[in-house]
Number of protein chains: 2
Amino acid sequence: MPAIGDVARLAGVSKATASRALTGKGHVAEATRRRVEHAAAEIGYIASPDAASLVTGRTKNVGVVIPFVNAWFFGEVLEGIERALIGAGYDLTLYNVPPGGDDARSRVFDFFLARKRVDALIAVGVDLDEHEVAVLDRRDKPVLCLGGRAPGAARLSIDDRAVAQLATEHLLHLGHTRIAHLAGPGAAASPHSVPGERRHGFLEAMAAAGLAPGGRANIVETPMTMPGGYAAALQLLGQPGMRPTAVVACSDEVAFGTMRAAERLGIDVPGELSVIGIDGHEHAEMFGLTTIEQYPEEQGRVAVEVVLRLIARGDEPDPLPDSGAPLPTRLVVRSSTSRPRR
Amino acid sequence: MPAIGDVARLAGVSKATASRALTGKGHVAEATRRRVEHAAAEIGYIASPDAASLVTGRTKNVGVVIPFVNAWFFGEVLEGIERALIGAGYDLTLYNVPPGGDDARSRVFDFFLARKRVDALIAVGVDLDEHEVAVLDRRDKPVLCLGGRAPGAARLSIDDRAVAQLATEHLLHLGHTRIAHLAGPGAAASPHSVPGERRHGFLEAMAAAGLAPGGRANIVETPMTMPGGYAAALQLLGQPGMRPTAVVACSDEVAFGTMRAAERLGIDVPGELSVIGIDGHEHAEMFGLTTIEQYPEEQGRVAVEVVLRLIARGDEPDPLPDSGAPLPTRLVVRSSTSRPRR
DNA sequence: TTGAAAGCGATACCAG
DNA sequence: CTGGTATCGCTTTCAA
């Protein structure tokens, strides 16, 4: 296994020069650099990142903490992050931290992330507490939250409240008045979580239309999955009487479940029930789902961009793009929403 | 940032003893060990994995190469692998290598994996060529394939051919004779790929029943996604005449798309069309899909088990469990298959 | 059981 | 622009 000394010897230079030539840091005569590079190629030299990390303190490795891999939104984000990191020459170390898995979670933060294996952390859809941030901070590892929050950490996200508000307004403008919301887990309990913000946006839009919901029967919480949405929608639509004419689902997957439940119950969409989702899921078009698109893969890309800036910074101010403006979203109207039937 | 020297000093021992006490390798008096551990805890000592790797050559890190993150099967496998690795104290470095992304792929193998950052590689659903294996081999990194193949590497997989055969037989036994197959991409071109093996199993079962397909019209290749299955099924079912009465889909997602297409065309499932999938997707129950389950998360777990054995081995023979028997699968009959209508 | 010292493989400072 | 050398933090002989 050739080391840099071998390269140096073969090229007839010192290790120092070989290093400079290979890393590109420091000045080396063009001719020398070529000789070194040739030598390296010839013996198949590959630098040891461990040795380099040991002295530089940088690992060219970013950690990603994510609550699910197998949910569309998170999978897209992860792919986006991975692509961008690889493109920048960084490795991605994956930590799956599902909600409620507190033991696994503290293990990740106190054992894995406390070591110096990563240069930074991207936390996707997770709220970090002070202790967790402190662990990273003490080691000078920048933290970037995508979607979630962490005390004192950089943060990138869409405006969840505004998005839910817009979704609701879309239905209101169509003439609906009996609108229900399928909220994510913990929406009522954690007002600053993604489900909480979306629920808030829904309520705000309803209130602004003078439709303060009597009782909470028209908000049902559900896991943000298709079977979750299916079950919740059955519950919501099953009883006749004051059945809603429209549903704001907290995610496209929940919306798909809702459409499926409607079908099961013989309720026509959009004739008898309008459904709007949030996400821009890749299946939305196929199902004709009206939704508010966000762009998770692109979000992953941007997150990497920001985090690399955070790593490289010489202490510039806020490295967030667009001075921290929310990430872009877009309403896409399809065939799952229409005016309520007379 | 405390180093092992600090721990040693505080505990009143040498670095050597501190190291032995902390790593558990080598004999240390019980009393001494406790003193060292106390000292370490007191100053918040955390070992530098880089320094350790530099001398041991082990990184406690396993690379995972996977073609998709955002497809149910692969997401499950990835979660299973992650959980098992973390449980064993290993980091997981993720490399997403989509089919056809040859540039990205060679970058991963020749740049990222050629370095000594990982102790082993798990390749999920990817075939590796000799060069790619050689890169790892030369560095003594074991390779384990899950689903795919690599020359000379350990391999774990279900029996794809038998699975497709069984799926087809299920339909045959129900009395179907006009059975179509929605195959994965490259099924005809690459007989040893997963889609290829499944296609083969389908054809074998058909031939065994004396139903050698006239023409290839009853095998359509499609991306293994729901929209893919939808489009392919529209094409397959759209023309009346010799429309099949049953479909073997190469995956559950394709099966879902097929069911959706049938619905769109007003074809009743299972009355006019039986559909069987392969995977055991978490939505299968909700859609009433008959399928052959495999257990991707569990497969991930087993893969980790094997790969850790590969890393640790003192050159024992075949470290595959069950002497290389195929991974378990199970037929689950639901409401998407029935006897053909008279 | 413990300690002293020799590396592991690179980078970076300081001279020249 | 280039070379010598200290250094990063740990593990591991080799002796005691």
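Proteins get letters first, then strands, A, B, ... in listed order; numbering begins at 1 in each.
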message: My understanding is that only residues two or more places apart in sequence, or in another chain, count here; which of them pass side chain to side chain contact (heavy atoms under 4.5 Å, CB included) with B/D110?
response: B/S106, B/H131, B/V135

- request: Applying side chain to side chain contact (heavy atoms under 4.5 Å, CB included) between A/R58 and each of A/V55, A/T56, A/N61, report the one that passes.
  value: A/T56

- prompt: Is there a salt bridge (Lys or Arg N to Asp or Glu O under 4.0 Å) between A/R309 and A/E305 once you walk through the steps?
  reply: CA-CA 6 Å; A/R309 222 175 303 160; A/E305 202 175 276; 3.3 Å; yes

query: Any side-chain heavy atom of B/L94 within less than 4.5 Å of one from B/L78?
result: yes

statement: What one should report as the nearest heavy-atom pair of A/E132 and A/L136 is O-CD2, 3.2 Å

query: Among pairs that include at least one residue of residues 135-154 of chain B, which meet salt bridge (Lys or Arg N to Asp or Glu O under 4.0 Å), considering only residues two or more places apart or in two chains?
result: B/R149-B/E197

query: What is the per-nucleotide protein-contact pattern of nucleotides 5-16 of chain C, from the 5' end, where B denotes a base atom under 4.0 Å from a protein heavy atom, S denotes such proximity for sugar-phosphate atoms only, and - denotes neither?
result: ---BBBBBB---

SB check B/R83 B/E79 (cutoff 4.0 Å): yes

field: Interface limits on DNA chain D, where chain A has a heavy atom under 4.0 Å of a nucleotide atom
entry: D/dC1 to D/dG9

- request: Go through the structure and list residues passing side chain to side chain donor-acceptor pair (under 3.5 Å) with B/Y295, not counting sequence neighbours.
  value: B/E293, B/R330

message: What's the angle between the local helix axes at either end of the helix from C/dT1-D/dA16 to C/dG16-D/dC1, using five pairs per end and rounding to 10 degrees?
response: 30°

task: Would you indicate what B/S53 reaches in the nucleic acid, counting non-hydrogen atoms under 4.0 angstrom: base, sugar-phosphate, or nothing?
output: nothing

query: Just how far, in rounded Å, is C1' of C/dT1 from CZ of B/R34?
result: 16 Å

Ion pair A/R105/A/D102, N-O distance below 4.0 Å: no

- prompt: Any salt bridge between B/E37 and B/R34, counting N to O under 4.0 Å?
  reply: no

